[in-house]
Amino acid sequence: MQNELKIYNTLNRETSIFKPLHKDYVGMYVCGPTVYSNAHLGNARTYVSFDIIYRYLLHLGYKVRYVRNITDAGHLEGDRDEGDDKFAKKAKLEQVEPMEIVQRYTIDFHEVLQQFNTLPPSIEPTATGHIIEQIEMTKKILANGYAYESNGSIYFDVEKFSSEHHYTILSNRNIEELLNNTRELDGQDEKKGRLDFALWIKAKPEHIMRWQSPWGEGFPGWHLECSAMSSKYLGNEFDIHGGGMDLIPTHHTNEIAQNLACHHTQPAKYWIHTNMLTVNGQKMSKSLGNSFLPSELFSGNHPLLDKGYSPMTVRFFMLQAHYRSTLDFRNDALQAAEKGLERLMNGIQMLEKLKSSDSSSFSVQDIKDKVYKAMNEDFNTPIALAHLFDATRLINLVNDGKEQISETDLSDLQSFMNHFVFNVLGLKPEISNTGMLTEELMQVIIGIRSAAKSKKDFETSDFIRDQLKNIGIEIKDSKEGTYYKIG
RNA sequence: GGUCCUGUGGCCGAGAGGCUAGGCAAGGCUCUGCAAAAGCUUCUACAGCGGUUCGAAUCCGCUCGGGACCUCCA
């Protein structure tokens, strides 16, 4: 099963069988957030997508080292390589220390990802914790002749690099066009070429976040940190490098260039890129001002939403689309996901109560094979889910006595469904946080109502039901008994 | 302006030459004191035009929509 996993690789735009560099081990680096503001839902989608990839690799038995950085310095506004970085800017705005900004939004990021039930990475390095490594790398790139100093800053020489290497291998862009693109350049005297980017930036006097370097006080360029940290924790060559698609043309392109210029190796064997989350057909982004905060989504406190949706509904919603497709975010679609998730979860609950027969009228192995096949096709979660829904239908049919399942098949299906849905897809049952007292009180009330019902005192039973409904508690009678739902 | 991607039923979304995706919604049925829920089941599709092919949603061309990147972005 393991050897059948296929991954789409941005490097050659082909889907091919995944072969790790070292048998049974996988090194995976994913570009993390720049923590200068709240994580929005688009950010969350990327990390949920890589969470699925991480979980599935673990499920296949790989020992995975998953490194995801926190960018807490050096990320410039624009590519002008001048002025304040994002942290200093925000810090000024909010009148706090830059590291307070970093702290606040790092915590926010972790909280958001936890709500979406993503597993933490193995290592989560920060840019500020790896200044020395970045300086060392800059030195090497300088020594190798792919960078130059200009007014206390160090720039990567793209033109020189591209004469020897395929600079645009990831983006598949035409380098000549990029170089000749007559887009407006405002005050770029320091750089030789318009594509050149900063490895190290000289700090202005008012700049707070600054470090001592051979070239004076300054701070590192954004692209360098990922190169430095991935090399440090995963080696010069590792298996998977991931991130959002929007990182392809600049950030990842430059990362590859830096690694080649420094170590003479292409860092990752497989480059995986996730697609964007859109709102009404447009990319969700901070600059467009159409981003959703997860908290707004959970509470429903947003003009585009009718109501709030739980983190698991949103996670499920994301899984219903392939990670390389754009996913359009809208109220109706969330509503549909909420119902769909409920159906799947009900199926899993039902599975526990199923009675087995002497033989099975359908093949459990067949279901499992189809689900694995889908996941092996570049982590195709929508198809995997489709087959899990087929399984759900069969579970319900067994319950209705229209299909049969043997004892061994039943326990096989139980462990498979539970493991796959909870551990691989990372869904979890939503626990109502009403507490034990509410639960006990509800059981008392339901008991009274059931007693009235059995005496055919429907006036009383309906009265209880109506009163509860008024305070937002719904009573539902089913064959298995009466249960309630809050909200 | 340049480069590239994309257009699937009421909605979201898979598929990528012949074989039903799936979920939601809608209709029917079952269960039920009633209601709700739940379950089963049915239906509706491949932007338009032309071409290749025995056969196209899937390949090619054109037209018309939508989007991304070329600036920071997950």
Side-chain angles (χ1 to χ4, degrees), chain A residues 30-34 36-37 39-50 75-80 85-86 168 171-174 177-178 180-186 195 222 242-251 273-278 280-288 291 316-317 319-322 324-344 346-347 350 370 374 377 380-390 392-393 395-397 399-400 402 453 456-458 461-462 465-466 469 474-480 482-483 485:
Chain A
V30 174
C31 290
T34 304
Y36 70 102
S37 65
H40 70 240
L41 216 58
N43 304 121
R45 187 197 181 192
T46 296
Y47 301 114
V48 167
S49 295
F50 282 106
H75 199 161
L76 293 167
E77 282 288 357
D79 198 25
R80 268 172 247 147
D85 66 29
K86 289 188 175 190
T168 53
S171 65
N172 209 20
R173 284 255 161 71
N174 183 332
E177 275 171 14
L178 287 179
N180 298 329
N181 196 328
T182 51
R183 208 155 214 271
E184 223 172 275
L185 316 162
D186 21 74
L195 293 179
W222 174 41
M245 263 183 184
D246 47 357
L247 299 181
I248 294 173
T250 309
H251 182 55
H273 290 99
T274 57
N275 215 320
M276 301 291 108
L277 190 65
T278 59
N280 295 326
Q282 272 210 314
K283 177 180 166 182
M284 180 183 288
S285 74
K286 282 168 197 165
S287 41
L288 282 173
S291 58
F316 177 81
F317 169 70
L319 296 183
Q320 278 192 304
H322 187 86
R324 282 194 288 113
S325 303
T326 55
L327 174 60
D328 200 48
F329 190 80
R330 41 183 303 154
N331 206 60
D332 318 0
L334 260 327
Q335 186 73 48
E338 188 176 71
K339 288 296 208 57
L341 176 63
E342 204 173 323
R343 178 175 160 83
L344 185 64
N346 286 346
M350 179 65 77
K370 282 176 174 166
E377 286 293 328
N380 199 324
T381 51
I383 293 188
L385 278 174
H387 292 303
L388 292 175
F389 274 109
D390 284 341
T392 303
R393 202 186 79 253
I395 290 165
N396 291 327
L397 283 169
N399 184 52
D400 286 357
K402 289 173 186 161
K453 262 178 66 176
K456 296 209 187 294
D457 178 8
F458 297 125
S461 67
D462 288 354
R465 188 171 66 195
D466 292 344
K469 199 176 177 184
E474 234 182 325
I475 289 289
K476 291 163 190 177
D477 296 322
S478 72
K479 257 184 278 183
E480 290 79 25
T482 301
Y483 63 102
K485 195 177 154 188

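Chain A is the first sequence line, chain B the second, and so forth, proteins listed ahead of strands; every chain is numbered from 1.
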Taking [X] for its side chain and [Y] for its backbone only, find out whether a donor-acceptor pair lies under 3.5 Å.
X	Y	result
T381(A)	L319(A)	yes
N43(A)	H40(A)	yes
N399(A)	I395(A)	no
T278(A)	L327(A)	yes

Salt bridge flag under 4.0 Å for residues K469(A) and D466(A): no
Carboxylate-amine/guanidinium proximity below 4.0 Å for D390(A) and K370(A): no
Given [options], the nucleotide with the shortest approach to the side chain of [X]:
X	options	answer
D332(A)	C11(B), A35(B), G39(B)	C11(B)
M276(A)	G23(B), A74(B), A36(B)	A74(B)
A336(A)	G23(B), C12(B), G22(B)	G23(B)
T34(A)	G33(B), A74(B), C40(B)	A74(B)
D400(A)	C12(B), C40(B), A35(B)	C40(B)
I383(A)	A74(B), A36(B), A14(B)	A14(B)

How many Å lie between [atom1] on [X] and [atom2] on [N], as a whole number?
X	N	atom1	atom2	value
L334(A)	G13(B)	CG	C1'	14 Å
L195(A)	C69(B)	CG	C1'	14 Å
R330(A)	G10(B)	CZ	C1'	11 Å
H251(A)	C69(B)	NE2	P	16 Å
K453(A)	C34(B)	NZ	P	10 Å
E342(A)	A25(B)	CD	P	10 Å
H40(A)	A74(B)	NE2	P	7 Å

Could you check whether [X] gets within reach of a base, just the sugar-phosphate, or nothing at all, counting any heavy atom under 4.0 Å?
X	result
L327(A)	sugar-phosphate
N43(A)	base
K469(A)	nothing
D462(A)	base
T274(A)	nothing
G281(A)	sugar-phosphate
P382(A)	base
L277(A)	base
H387(A)	nothing
R393(A)	sugar-phosphate
A386(A)	base
Y47(A)	sugar-phosphate

Short side-chain N/O contact from [X] to OP1 or OP2 of [N], under 4.0 Å:
X	N	value
K339(A)	A25(B)	yes
K283(A)	C69(B)	yes
N346(A)	A38(B)	no
S325(A)	A14(B)	yes
R343(A)	G39(B)	yes
N380(A)	G15(B)	yes
R173(A)	G2(B)	no

Comparing K456(A) and N396(A) on RNA chain B - which has the more 5′ nearest nucleotide: K456(A)
By salt bridge (charged side-chain N to carboxylate O under 4.0 Å, His left out) - contacts of D328(A) (at least two apart): none
Pi stacking test for F458(A) and G33(B): under 5.5 Å apart, planes under 30°: yes
Nucleotide pairing, RNA chain B (Watson-Crick or G-U, distances under 3.5 Å), in dot-bracket with [ ] and |: (((((((..(((.....[...))).(((((.......)))))....(((((..]....))))))))))))....
Taking atom [atom1] in both [N] and [M], compute the distance separating them and give it to the nearest angstrom.
N	M	atom1	value
A14(B)	U71(B)	C1'	35 Å
G7(B)	A16(B)	C1'	15 Å
U53(B)	A57(B)	C1'	16 Å
C46(B)	U6(B)	C1'	14 Å

Set of ring-ring contact (aromatic ring centres under 6.0 Å, His included) partners for H273(A), sequence neighbours left out: H252(A)
Sub-4.5 Å side-chain heavy-atom contact between [X] and [Y]:
X	Y	result
R45(A)	N275(A)	yes
L41(A)	M284(A)	yes
Y47(A)	T274(A)	no

